A.B. asks: 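Please see the structure below; I have some questions.
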Amino acid sequence: EVPTLRQLYRLGKLAPADPAALRYKHAGNLLDRVSLYQGTITALEVDAIVNAANRSLLGGGGVDGAIHAAAGRKLLAECRTLHGCATGDAKITKGYDLPAKHIIHTVGPVYSSEDSEYCADLLASCYRRSMEIAAAKSLKHIAFPSISTGVYGYPVEDATHVALDEVRNFLTSETGSQIERVIFVVWSDHDKEIYEDILPLYYPLD
Ligand code: AR6
């Protein structure tokens, strides 16, 4: 079982934030609806894992490569029928050989510092569209990798603020109320430390 933020606080693995730095004052039951997990997203037995894909949706490296390798060739066959996906949007497939029932493929922005605000909007859109698709299919548990922060070069701290804020907004909205759990999946120790630092700003201990 992947621990919730409330459990991480109890275990002392998440330190309460400096009150002056808080982005939000209350998290309420969000502490029981959000998790942080380090490891491969392909191991998670959830309703949907999100893939950080490219516009072709035909596979690639990074988490995309790992998902295609674990899901098997039938995934590629279904992806071919989707005819790609726009940056900031998302499309769903079955999970095939994965323990996850579905894969939501989203396409993050290739980062550019000149267009950083535009990139932030597109990145937020990836998280929002993925959750909208999950909610429309009544999927309750969804896991996200750190979209755009690998090959696509988005600075991981900035991307983490966008991800945590957008997920919080969605979970507290009317459509988001049916999503029971969002798991943020990190791969490296460095990314885990960044999430541990920033999570308490958006999901403070009450
Ligand atoms: N489980 C969870 N996270 C992972 C895994 C894994 N198995 N493997 C890597 N990560 P990236 P992007 C982390 O590059 O930046 C592909 O070629 C990784 O450490 O996978 O959105 C696509 O086809 C990083 O934190 O995605 C696109 O062409 C995060 O996943 C392009 O890369 C995202 O890194 C997309 O680039």
Side-chain angles (χ1 to χ4, degrees), residues 2-3 34-73 75-80 82-93 95-113 115-116 118-131 141-164 166-167 181-199:
V2 180
V34 174
S35 291
L36 178 63
Y37 173 81
Q38 185 179 23
T40 178
I41 200 166
T42 56
L44 294 176
E45 209 178 315
V46 287
D47 296 322
I49 62 170
V50 175
N51 182 17
N54 58 58
R55 284 185 297 182
S56 79
L57 297 185
L58 298 179
V63 70
D64 194 8
I67 288 172
H68 274 269
R73 301 290 297 178
L75 172 60
L76 186 58
E78 184 175 356
C79 283
R80 284 191 205 287
L82 300 176
H83 306 294
C85 181
T87 304
D89 203 357
K91 292 189 178 179
I92 190 167
T93 66
Y96 298 100
D97 295 344
L98 287 172
K101 291 192 199 83
H102 300 86
I103 305 162
I104 296 171
H105 306 262
T106 190
V107 184
V110 176
Y111 185 75
S112 132
S113 54
D115 265 339
S116 64
Y118 183 57
C119 288
D121 287 346
L122 287 172
L123 185 61
S125 173
C126 289
Y127 284 91
R128 189 172 57 252
R129 288 291 303 132
S130 297
M131 290 183 290
H141 293 193
I142 172 169
F144 281 103
S146 179
I147 300 163
S148 278
T149 65
V151 176
Y152 281 179
Y154 208 117
V156 62
E157 284 200 29
D158 295 347
T160 304
H161 280 280
V162 171
L164 300 189
E166 195 62 30
V167 167
R181 182 82 73 91
V182 170
I183 303 173
F184 291 107
V185 180
V186 288
W187 182 245
S188 69
D189 290 342
H190 177 248
D191 290 358
K192 182 175 161 235
E193 283 163 22
I194 286 172
Y195 270 75
E196 284 172 346
D197 284 346
I198 300 178
L199 274 163

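Numbering of ligands and ligand atoms starts at 1, following listing order. Since this is a predicted model, take the numbers as computed values, not measurements.
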A.B. asks: Are any protein N/O atoms closer than 3.5 Å to the N/O atoms of ligand 1? If there are, list each pair with names and the distance to one decimal place.
C.D. replies:
| residue | atom | partner | partner atom | Å |
| --- | --- | --- | --- | --- |
| ligand 1 | 1 (N) | Ile41 | N | 3.0 |
| ligand 1 | 7 (N) | Thr40 | OG1 | 2.9 |
| ligand 1 | 14 (O) | Val151 | N | 2.8 |
| ligand 1 | 15 (O) | Ser148 | O | 3.4 |
| ligand 1 | 15 (O) | Thr149 | N | 3.4 |
| ligand 1 | 15 (O) | Gly150 | N | 2.8 |
| ligand 1 | 15 (O) | Val151 | N | 3.2 |
| ligand 1 | 15 (O) | Tyr152 | N | 3.1 |
| ligand 1 | 17 (O) | Gly61 | N | 2.7 |
| ligand 1 | 20 (O) | Val63 | N | 2.8 |
| ligand 1 | 21 (O) | Ser148 | N | 2.9 |
| ligand 1 | 23 (O) | Asn54 | ND2 | 2.8 |
| ligand 1 | 23 (O) | Asp64 | OD2 | 2.7 |
| ligand 1 | 25 (O) | Thr149 | OG1 | 3.3 |
| ligand 1 | 25 (O) | Asp191 | OD2 | 3.4 |
| ligand 1 | 28 (O) | Asn54 | ND2 | 3.3 |
| ligand 1 | 28 (O) | Tyr152 | OH | 3.4 |
| ligand 1 | 34 (O) | Gly150 | N | 3.4 |

A.B. asks: Can you run down the side-chain hydrogen bond (donor to acceptor under 3.5 Å, both in side chains) pairs that involve residues 151-163, sequence neighbours left out, and say none if there aren't any?
C.D. replies: His161-Tyr202
A.B. asks: Look at atom CD of Glu45 and say whether more than 12 heavy atoms of other residues, nucleotides or ligands are closer to it than 6.0 Å.
C.D. replies: no
A.B. asks: Please list, chain by chain and in numerical order, all residues satisfying side-chain contact (heavy atoms from CB on, under 4.5 Å) with Ala90, sequence neighbours excluded.
C.D. replies: Ile104, Thr106, Arg129, Ser130, Ile133
A.B. asks: According to side-chain contact (heavy atoms from CB on, under 4.5 Å), who are the partners of Ala53, at least two apart in sequence or on a separate chain?
C.D. replies: Asn51, Leu57, Asp64, His105
A.B. asks: Side chains of Gln38 and Asp191: donor-acceptor distance under 3.5 Å anywhere?
C.D. replies: no
A.B. asks: For Asp47 and Ile142, indicate whether the former's side chain and the latter's backbone hold a donor-acceptor pair under 3.5 Å.
C.D. replies: no
